[in-house]
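A, B, ... follow the sequence lines: proteins, then strands. Residue 1 opens every chain.
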Amino acid sequence: MSDSSGKVRLNSWTWLFWLFGRFFVRAWLRQPAQTILTFTGIALGVAVFLAINLANESVLQQFRSTVDRVAGTTSLQVLPTNMSDMPDSVLDQLTWLWDQGANFTPVLEDMVVWAEPPYTGVQVLGVDMLADSAFRAYSIKPRAERARSPDPMLPGSAGNSGNSVSALGLFAQGHVLVGQTLADKYHLAEGQSFRVLVDDRQVALVVEGIIEPGRLGKAYGGQFILADLSVAQAMLNRPGRITRVDILAAEPKVHGLMRRFATEQEKAGLKYVHMQRPERRNQQVALMLESFQMNLTALSFVGLLVGMFLIYNATSISVIQRRSELATLRALGFNRWQILLMFGVQVALFGFLGVAMGAVMGVLMAKGALAAVSMTVETVYAGSQVSRLSFDPSYLFFIAAMGWLATMAAAAFPIAEVLQVSPAAGTRQGSFEPRVNAVLKWLGLGGVLLGLLAFWFALQPLYGTVPWFGYAAALFSVLAAALMIPYVLHYVFKWLSHHSRLVFGVEGKLAVALLQGALGRTSMAVASLMVAIAMTISLSVMIGSFRQTVVDWVNQSIQADLFIQPATRFRSHQSGAFSSQVVDLIKATDGVADVDRFFQDKIEYNNRPAFLGISDMDVFSRRGRLTMVDEAAFDDVMAMLKAKPSCLVTESFAYKHRLHAGDTVRLQFAEGPLSLPVAGVYRDYTSEHGFVIVPRRWVAARYPAMANRVTSLAVFAQPGLNSQQLRDRIEANLSGRKAMLSIQTNQALRQEVLTIFDNTFAITYALHLISIAIALLAVANTLVALVLDARRQLGLIHILGANRRQLIKMVFVQGGWLGLLGCATGLAVGFVLSALLIFVINKQSFGWTIHYRIPWLFLIETCGLVMAASVIAALLPARLAVKTYAPELVRHE
Amino acid sequence: MSGKASHKLLIQLKNVSKTYPGLRAPVLREVDLNVMAGECLALMGPSGSGKSTLLNLLGAIDTPTSGQVLINHQAIEEYSDAKLSRLRRNAIGFVFQLFNLLPTLTVWENVMLPLQLKGKTAMGLVKRSDSMAFEEKVEAMLEQVQMSSRAQAYPSQLSGGEMQRVAIARALIHEPQLVIADEPTGNLDAENGARVLALLTDLVRQRGTALVVATHSTDCAAIANRVFTLKNGLLESCSGVSTAGLSR
Ligand SMILES: Nc1ncnc2c1ncn2[C@@H]1O[C@H](COP(=O)(O)OP(=O)(O)O)[C@@H](O)[C@H]1O
Ligand SMILES: [Mg+2]
């Protein structure tokens, strides 16, 4: 420890790092298995955390970038409050904008479906081609044979005077521009024609030009069609309709315009539109996905927690192993800060390498996570695909840095212990062991208090949109349990040590004594297993209960024999409607007893997304069955809906907007407002945002134009005809239009609901397997620490006559106890968490009532697996226990 | 001095050398030593002279680099770990300078441990009848080392002298034929050291147990039947009786 001059050169940094290398790096290399175990654990934990967050961020990012690209330079937008469309006569009410020096242009946005397999959804953007260049920038791919102008800008810009694209061509019916990705996917070239499905029709279009990727060209991932507004209106069969008006104004004027809009709106009676900043669309998407993503994020923290535990463990092992060396260094004249620095650098480096490895794994895992997340987002929420992992590199950096800081924080406690190593410490027996025994009662008391707090949180109602209190209750109950663990373990071990018959004889007794002796470490291991198991169990109880609830609901509520939708709606999940000829054709098919016409549309209610449903009701009241929430009889509610203008709402809608039977729902259609009292609230698990169902007759009475809107049909067969036969007849009757419709039998639809359900939770299943894996790494790690901690004691026991087999048995018994205690506490906390998930968090996020059920078989399997795995986890430490050279252990330097 | 020594050969070192990996010079060079049943041997020598090394060989904790260790006329180099462990738990008791006791067990449990290790059934359990007998034995033993009042204390609550008394109790509880004590008083003040040493020698004499003790103290050497000194890896006899004399 000293150089030739006999004095330690304390001031030399290089010397400190040289020492660091001898001190730590060698130690890592000397115990590769242990080092790898720790690295893998940290990396896996961080990777899970990263993967989920990156996948979530990718989804939002993709939406955000599309919204931004489509919005272009737009500073304000006028949108219909019902979120679908509005008449273009709105434009007449906006002419005052010109006087204010602002410019505006109409937009029609919708989705169509590629007419051939794989029938993917394609976004259509209709804009005023003459005026739009000020709003959105894009460039057309120059034709290969006459690529003259380097960057031809579209209409209005001088560069493209009829070269690549004839200006007139863009206004011809069916002539459109397509995004590069779409063109590549289907091998489209200029002048080529192709077909898409619009509602229940097929429409032929001609490629007028291909939009290069860049700016608008990258919106919707390049999979879109751009057309002149009139062309788009015609192809979409929405004459005179637009979905929004984009406004271009100088930034300082924006506030004035918004105020002026309010007064103009008042004057003109334009109730069904509102003006907002384009960025608000991003917030709306985020809001729509909030609960879903929030749940995933909460899960991802488990990974981080276990990673933190592992670095805590690794650090404290390292402190234990070097305690006497440290004391020597102190005796040589190192001050405690220099020693702290050495450890700090070690942990920082260790954490950094772990996080770096985790970042690589995380990005890889994120691809898988994204596939699962985006499938759910696509089918259940937003209806557009997110296929690429896209996130700001700084976001990755941010998340990774968070992971790194978390590991550093976890190491702070054992590192702080280094400060207390006195120069004399090397001569005293004792191990690094947080003085748990002394504070046992206080920890227990703290646990009880936190538990009470958690209970109080659980009773709080929902404030805002995110059930923060519910999450806090979950977090606090886990913390409470973790704090109580040392207290509980202390008494469990005490009891066990008096019942050596129960604990595998002397070896078992010694095993328990060693666990008891390292109560702090033991508690940490049990706690981390507990967290992992509690998560797994609570999630599976929640998912199991939820699934069973959905199965019951599906069996009850899906009654019709066939469900028919335009293929466009089936594929795009958002647009597509029936024409009345097709409806009549189906109705007239021989064998059809009844048809319930249903219309579904996205709306905004109290600034939150929701769905509007318009139903024929009379068929439904005869044939259907709903479970009403408040004991009200289905028939009474149906009678009321028939008798006077009123509506139905789903449980989730009622919950989110705090509505009860008798309250009034105020709807805004483009055609005008409609206020209806709630006749009843029923259970429904279709959408967390909820439905308002209005009988068709009450809509038709006020707004005849809306009377015949249909987006799906529920068809009932005549007695004696099964759904397959009915389907064949309808398809025969539809002949050429068959491909434009999607017809699902009762069974297929039920199956599909469950498939969507399982897809939604696929990532959750994957996650909890990973968290158990990490927890088992934690057990292995703890056993290594315990063995290292107890090396001298193991050596002494060996000398007193215990053979190697007995030592190995001791370690295995320890692994078994850790597993068993982890399972027992994990089960207890798991039940508490599952109740919180079902009755508080999910109820508040989604407004759904889920019936509690316990999947016993799964629980037994999980516990068996964990027990087996924790005994296996003892393999490495058991080998370590007998590897040590016995005389070494009783030497007393 | 001791007529009681039955002259039964317990342990025999034949030509034993020990070199630690990384050290050039051997710590022990061709050492011959016989330990007879019931006799008391003292081993002296400066720190680092190889006393502990020699004791570890006698206690079957370590194996020689060359030469033979015979216990009850059997060479132990062929022994498996299980057999060596059985040998230790049946025939040998240890007292070290430090780290004698398991900190997580009480005094009572520490003393009980060798009995439990020795007296268990195939299932690893101690028979109930045995367990009663064990408890009486432990009580009597603690009485003899005057530690009965501290039976439920943990090692960390004891003084150095008390710890060594408990260690002595534990070394003798299973009635070994040989007790190996490696500087048992090295960490104690003179007064306590003398007490502990007196206790140890009294108890081994009472039981006719052989004792090999490494020590710096001349008091200790004074009560031994034979005294040896280790120097440069060689064992030299200090008293009138020659090292080799007894074996021939
Ligand atoms: N496990 C070991 N590895 C290497 N050298 C050792 C080991 N044990 C002891 N030594 C060395 O052997 C010599 C004798 O040590 P030891 O038997 O402990 O002497 P004593 O007990 O008389 O002080 C010392 O120089 C010591 O450094
Ligand atoms: Mg020694």
Side-chain angles (χ1 to χ4, degrees), chain A residues 426-431 433 437 490 493-494 497-519 522 786 789-810 813 882 884-893, chain B residues 20-21 52-53 55-57 59-63 80-94 96-106 109-110 112-126 128 131 154-156 163 170-171 174 176 180 182-183 186-187:
Chain A
T427 58
R428 236 191 317 113
Q429 179 175 7
S431 58
E433 178 48 27
N437 287 312
H490 178 74
F493 289 146
K494 208 163 182 178
S497 68
H498 294 306
H499 294 79
S500 64
R501 254 155 221 290
L502 289 176
V503 297
F504 313 101
V506 205
E507 298 95 330
K509 190 184 158 116
L510 287 169
V512 169
L514 291 182
L515 286 174
Q516 171 85 294
L519 195 57
T522 310
L786 281 174
D789 228 354
R791 262 173 58 205
R792 223 184 256 286
Q793 302 183 45
L794 290 174
L796 187 56
I797 293 167
H798 189 45
I799 286 166
L800 291 182
N803 57 37
R804 292 212 165 89
R805 258 198 29 241
Q806 288 175 300
L807 295 185
I808 290 174
K809 183 173 163 192
M810 275 174 59
V813 169
V882 295
T884 332
Y885 174 58
E888 198 99 292
L889 297 169
V890 284
R891 276 158 59 93
H892 48 252
E893 280 78 34
Chain B
Y20 286 111
S52 298
T53 305
L55 291 191
N56 287 344
L57 292 172
I61 302 176
D62 206 354
T63 46
S80 68
D81 168 69
K83 215 164 168 191
L84 278 177
S85 301
R86 199 168 331 124
L87 179 79
R88 286 198 299 270
R89 91 166 74 110
N90 288 325
I92 304 172
F94 292 91
F96 300 105
Q97 180 177 353
L98 280 171
F99 311 128
N100 269 302
L101 306 177
L102 291 174
T104 47
L105 300 183
T106 60
E109 289 166 333
N110 263 293
M112 177 72 107
L113 192 58
L115 288 179
Q116 287 175 317
L117 282 170
K118 189 176 173 181
K120 59 187 205 102
T121 62
M123 286 289 292
L125 299 176
V126 174
R128 204 174 272 280
S131 137
Y154 284 91
S156 58
M163 275 194 233
R170 197 203 47 208
H174 56 302
I180 287 173
D182 193 351
E183 303 190 35
N187 225 32

Taking side chain to side chain donor-acceptor pair (under 3.5 Å) as the test, write out the residues that go with S85(B), two or more places apart.
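Per chain and number, S85(B) pairs via side chain to side chain donor-acceptor pair (under 3.5 Å) with no residue.
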So how far is it from [X] [atom1] to [Y] [atom2], rounded to the nearest 0.5 Å?
X	Y	atom1	atom2	result
Q116(B)	K509(A)	CD	NZ	5.0 Å
L102(B)	L796(A)	CG	CG	5.0 Å
I797(A)	L105(B)	CD1	CG	7.5 Å
L800(A)	N110(B)	CG	CG	8.5 Å

Side-chain donor or acceptor of R88(B) paired with backbone N/O of H798(A) under 3.5 Å
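Pair found, side chain donor or acceptor close to backbone of H798(A).
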